[in-house]
Amino acid sequence: MHISLDWIQDFVKLPELSPKELGLKFTLTTAEVEDVIQRGAELSKVICVEIKSLKPHPESDKLNLVTFDLGEGKLKEVVCGAPNVAVGLKVPYAPTGVTLPNGMTLEPKKIRGILSDGMLCSEVELGLGEGKSGLMVLENVSPGTPLTTYLGKKVETLLDVDNKSLTHRPDLWGHYGLAREFAASHKLAFKNPFNDQWVKKIESQFNSSTSPVKFEVDENSSCLAYYGLSLDIESMPETPALIKNRLESVGMRSINAVVDISNYVMVELGIPNHIFDRDKITGQLKIEKSHRSQRFKTLDDVERELIESDTIIRDEKSTLVLAGLMGGAHAGVSSETKKLFIEVANWEAPEVRKTSVRLGLRTDSSQRYEKTLDSNLCYRTLLRIVDLLNEHMKVKVIGAPQVYVNEAKRSQKLSLKITQKELNTVIGMTLEKEMIQGIFERLDFEVKESSGEFEVIIPTYRTTKDIYCKADLVEEVGRMIGYDNITPVSPLLPVKPVRLSTAKVLHRKIQDFMVNNASSLQMMTYPLVGPDLLKKALWPKLNEELVLVNALSVEQDRMRPSLIPSALEMAAQNQKHFDEFSFFEIGRSYLGYENERSQLLVGKFSKKKSSFLEVENSVEKLLTSLSLPFQFTGASEKFKNELCHGWTGLHPHEYLNIQMMGKFTGMISTIHPMVLKNFKMKGFLTLAVIDITEFESRELKDKTKYHPISKFPESSCDFTVVVPSETPAASVLSSLSTLKLKELKSKSIVDVFQLNDSQKTVSLRTVFEDSEKTLEAQTIKDLESKIIQTLEKSGFPLKA
Amino acid sequence: MQKLDTLLQEFKEELKIIQKIPDLLNLKAKYLGKQGPLSDVMKNLKDASVEEKKMIGAKANDIKTQIESLVAETMSTIELHEMNEALSKNKIDISLTDSVLEKGLQAAGLHPVTQIQQEIEDIFVSMGFEVLDGPHIEDDYHNFEALNIPATHPARDMQDTFWFADKKHLLRTHTSTIQVRGMKSRKPPFRFVGPGKVFRCERTDASHEMVFHQLEGMMVGENVSIGNLIYFMKTLLTEIFKKEVEVRLRPGFFPFVEPGFELDIKCLICGGKGCSVCKQVGWVELLPCGMVHPNVLKAGGIDPEKYNGFAFGLGLDRLVMMRYGIDDIRHLHSGDLRFNLQFKSY
């Protein structure tokens, strides 16, 4: 929104501050000023000149070298290509440094070998007209006069404020309200020209004639108030320059004097209104819900689809206005119009908003209505329109305003109480009573103070949405003092220990392990994926139930069912740059509305070889370091692993389930080349996924137990068994798990040797120890034979 | 006697050329062995007088000790030499570290967002704040209603929301949802922060992402003041930027706070003079904050007559970008290791 400081001055005499300083004050007390615009500043640098002589450009047929008088007889020569150039012509000249409306800043430049500094301009180039080519021709002006003086334009200072930052302040959607805000923040007098005397003067034009247009409001419509007045004008004059300029400076186009006045009053008082051509109204007006779907052509010549709940204003023949948004193409005021019907209405904000959002139609009017306006302001708005029409044309009012107001929903004054102590406590500084009272008064609040308690009466235009509780008063006082003036102060609080949550501790332990032990980079991939990726990954679940209705793209239209597809995509990207890399991500997978799972994904890619064992080792060490009980088990036909069930991307051999507390909570697999092929990946990718959700809410337990170090020697013994080649070597070792021998301290594999195509030997080492005594030879012998027996029973005979 | 001195002299001469342990042992045997010259001297002593026996015996023993210590000394010299020789033979090139070898990517490290998030979490934990989180898929109530943003509120336009098909569930647009859950599960006084991912249905470009990170903060108690809020924010920023940071508080409208503020920091690039980073203003908008709206406290089951509090939201991605001068927010979720690599710890 553009705020015109010139317009503000109608209601308050602004202090002698630079526009930047005024903007800063507004930023600190009300809403952020994003930019200070000097409208017409560039135009003021353009001067009127008189062409003195011409000669053709030596290198071009179409260009001329033009010599002109800059004023006071100073001559200058530039290159000019305009067809209408002629000696004696008075034209505008933009010197070097001027930025034209198209954004180009003029610099001296060579045109076909001749240096030209600045340019003679057309209306189009100066943004003053459309379509007319050739130099702008000026009349009755002496050379050297600034173009703005010739045009009767001033440089206007505008403050640009983001609309969103005024969402809560319907009263600031007009310059009158803005001026009150300036007056309050700068502690200046606010001039209200719309006093009782002014009201009486305009009301004196009302008469007892019967209004030619009557209206009826349906209670079920979104109408909160409707004021209608008929009047005739003698003829449509040109729009006065002041109104035209001000409208242009806030970004509105001039249409004709009546429409311009209607818009001017909206931007001045913040209340939208509509003026009809009465000749185009057939019979009575009805304000009601559309009751049916219908097509309606709005002023901007677009056919729009209305639904039954939209409120419309119609006559006996057709729909004329889409309430709160835009009038129809049919009943608008044209330059021929002489019979007017003025409407100043108020509508339910949510209804206007709903229609506006549905149609994608945001207008100056809808933006204001959706902030919740005060019906009490409609009458003043109506009077102001009559006032301005009076001022600029001959007006004959027919009858008096007809009024409908939904009394139940009329905004009321509000009385709030707050003490000086409460204000001081929440703001955190000591404020004097007089200071507080002054702030409230300047904001147009009525205040009564007794023994430190303020009773504040809030005017109706601030109670529609903005102010309704004590906290709102704190804001009013706080912002007027300037939050910046509040001293930071530490609260006085009891000391108590605070620890990171169990989930955070788990995440951090995992992260630290993965970085410092597994040498991996932490990744972050999007929680949103698309069906194409899931299909490419051959992922069995498309998560159709978690598809977004308003996704930005099909690549990211749903929540991911697993971290794996994202990891595949990420690995495919990175294999272009790196031959080998290790990564991990802690992220969420989404299985349903209230079913988000935290997953840890660990991955290693290598162009040369499978990294299954590396990943397996990392996971094994990680889970051990977290003191979480786990077990690696082979692929199971019987039990589903929900983390990857039905996925054909798993490796037939390099695959393990991770079982924790009786459940499959993870898996490790090298990715099947079929899937890698879809991602154009050449090499080996191993991924592990662990669902850590269950463990996030548990305290990680330290399960360390100390045993005194034995004073007696240990005795080790090796066994070599023959097994078929495909037997996992570790299964030989695990066959000894059933053996409960207190002397057996450790067992491990020392060697695996391929005997022939079908057989291999596995050598085990066992270490025996007794913490009480030195083992006797016979005891060791007995232990050895128990081990041999167990091995043989499990089908692992000793090598002969 | 002279013979003994000559003997020692001869031994020393022979020792000079010894380079190997066996030769040394042979030499030792030659002089000190049973058939050796020293033995001979001793054997011949039986014919000598008592005086002579005494003198020559002592001398012979002295020579023997000298020879023995020379042998031991030479022995360790030769051993050391031989060990060093062996070490030289098995020399490795100690310049060939992982960092110079082509072994694929060896780097490890946390994502920059995690790094800054942990840093901020730790700052707040040190000031007595808990760290909470909540679901990404939220419902209308937690994301809007409970935060004083009813269905028809225009503020909903400020946050372009991703909706699911049931029109009830959505992706949280801010971490403020954590406030609601946090308030319901504890009794005042309390204070916590809630970092996490948030989602906005917004076209992406170098400075806009549809998935980004916020850190929500809340403190509720009796007589919490705006001065307290400013204190925590200033402390936080000083800790993050490791220097005194000038802040500015101005009004900002957010339905869940009243009064609401925008906290700006003096541009760290230009020091407030105005540059392209701060759009010539000298200030950079960093975090929205404010005093918790009474309706939000009520929705959280807290009596607004008795308690009040402040809340704030910090954009983590923005901080990461400011700290490292990252030009495009989309790198953060890109999964491109060339990006992550730059934040490696080793």
Side-chain angles (χ1 to χ4, degrees), chain A residues 27-32 164-165 167-168 349-350 353 370-371 425-429 469 471-472 474-475 478-479 483-484 486-491 493 498 500-501 504 511 515 519-527 546-550 552 570 573-574 577-581 588 590 593 596 606, chain B residues 103-111 113-114 118 121 125 128-133 135-137 152 154-155 158 162-165 169 197 201 203 210-211 223-228 230-231 234 248-253 258-259 261-262 291 293-294 308 332-333 335-338 340-341 344-345:
Chain A
T27 294
L28 293 177
T29 53
T30 312
E32 189 187 15
K164 281 182 193 166
S165 63
T167 302
H168 59 312
R353 205 179 102 82
E370 65 177 40
K371 307 292 177 286
T425 306
V426 179
I427 292 174
M429 65 193 285
C469 62
D472 297 309
V474 173
E475 169 164 52
R479 67 191 184 90
Y483 296 125
D484 237 12
I486 301 172
T487 319
V489 56
S490 164
L493 294 166
V498 176
L500 278 176
S501 62
K504 279 279 156 209
Q511 286 164 358
V515 170
S519 287
S520 307
L521 281 168
Q522 187 190 17
M523 300 303 314
M524 227 175 236
T525 52
Y526 286 101
L546 290 180
V547 170
L548 296 164
V549 288
N550 55 342
L552 288 169
M570 168 258 148
Q573 282 300 315
N574 285 296
H577 310 289
F578 305 103
D579 289 351
E580 196 175 300
F581 49 89
R588 291 192 197 176
Y590 307 82
Y593 287 136
E596 280 171 41
S606 168
Chain B
K103 291 178 91 179
L105 192 53
Q106 298 277 313
L110 294 176
H111 192 280
V113 170
T114 307
Q118 289 192 357
E121 285 169 2
V125 167
F129 285 71
E130 295 173 80
V131 182
L132 311 180
D133 199 355
H136 294 166
I137 301 177
T152 54
M158 291 158 70
F162 279 121
W163 289 94
F164 289 99
H169 286 89
K197 284 192 201 296
C201 178
R203 288 273 155 218
M210 56 177 184
V211 187
N223 302 332
V224 177
S225 74
I226 300 171
N228 296 155
I230 305 175
Y231 169 80
K234 269 199 90 131
R248 171 177 97 169
L249 215 57
R250 57 183 169 81
F253 168 65
E258 185 69 47
F261 320 111
E262 283 282 6
M291 303 305 284
H293 197 287
N308 71 340
L332 296 174
H333 271 108
D336 190 333
L337 291 173
R338 290 172 300 173
N340 294 62
L341 188 55
K344 66 183 180 183
S345 64

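Order of the sequence lines sets the chain letters (A, B, ...), proteins ahead of strands, with each chain counted from 1. Basis for what follows: all heavy atoms, side chains included, without hydrogens, waters or symmetry-related copies.
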So OH of A:Tyr483 and CD1 of A:Ile427: to nearest 0.5 Å the spacing works out to 7.5 Å
So, taking the atom named NZ in A:Lys371 and the one named CZ in A:Arg353, what distance separates them when rounded to the nearest 0.5 Å? 9.0 Å
Relative to chain B, which of [options] shows the most heavy atom pairs under 4.5 Å?
options: A:Ile486, A:Thr425, A:Val426; answer: A:Val426
options: A:Met523, A:Met570, A:Met429; answer: A:Met523
options: A:Glu580, A:Glu475, A:Met524; answer: A:Met524
options: A:Gly478, A:Ala471, A:Ser501, A:Pro350; answer: A:Ala471
options: A:Phe581, A:Tyr593, A:Tyr526; answer: A:Tyr593
options: A:Leu500, A:Asp579, A:Leu548, A:Thr30; answer: A:Leu548

Under 4.5 Å heavy-atom distance to chain B, tell me which part of [X] shows up: side chain, backbone, both or neither.
X: A:Phe578; answer: side chain
X: A:Leu546; answer: both
X: A:Ser519; answer: both
X: A:His577; answer: side chain
X: A:Thr29; answer: backbone
X: A:Ser520; answer: backbone
X: A:Asn574; answer: side chain

I'd like to verify something: which residue of [options] has the highest number of heavy-atom pairs under 4.5 Å with chain A?
options: B:Val224, B:Leu337, B:Leu249; value: B:Leu337
options: B:Arg250, B:Gln106, B:His136; value: B:His136
options: B:Leu110, B:Asp133, B:Asn223, B:Val131; value: B:Leu110
options: B:Gly128, B:Ser225, B:Ser345, B:Pro251; value: B:Pro251
options: B:Met210, B:Lys197, B:Gln118; value: B:Gln118
options: B:Leu132, B:Thr114, B:Asn308, B:Val113; value: B:Thr114

Part of [X] within contact of chain A (heavy atom distance under 4.5 Å):
X: B:Asp336; value: both
X: B:Phe261; value: side chain
X: B:Pro135; value: both
X: B:Glu262; value: neither
X: B:Leu332; value: backbone
X: B:Val125; value: both

Would you indicate whether B:Lys234, at its atom NZ, is surrounded by more than 12 heavy atoms from other residues, nucleotides or ligands within a distance under 6.0 Å? yes
Please check if atom CZ in B:Phe129 has more than 12 non-hydrogen atoms from other residues, nucleotides or ligands closer than 6.0 Å. yes
All heavy atoms of A:Val547 vs all of B:Phe164, minimum pair found to be O-CD2, 3.6 Å
Tell me, do A:Gln522 and A:Val515 make a side-chain contact under 4.5 Å, heavy atoms counted? no
Does a side-chain heavy-atom distance below 4.5 Å link B:Trp163 with B:Cys201? no
Residues B:Arg203, A:Leu552; criterion side chain to side chain contact (heavy atoms under 4.5 Å, CB included); working and verdict: CA-CA 7 Å; B:Arg203 288 273 155 218; A:Leu552 288 169; 4.1 Å; yes
Check: A:Val489 main-chain N/O paired with B:Asn228 side-chain donor or acceptor under 3.5 Å: yes
Between A:Glu596 (side chain only) and A:Arg588 (backbone N and O only), is there a donor and an acceptor less than 3.5 Å apart? no
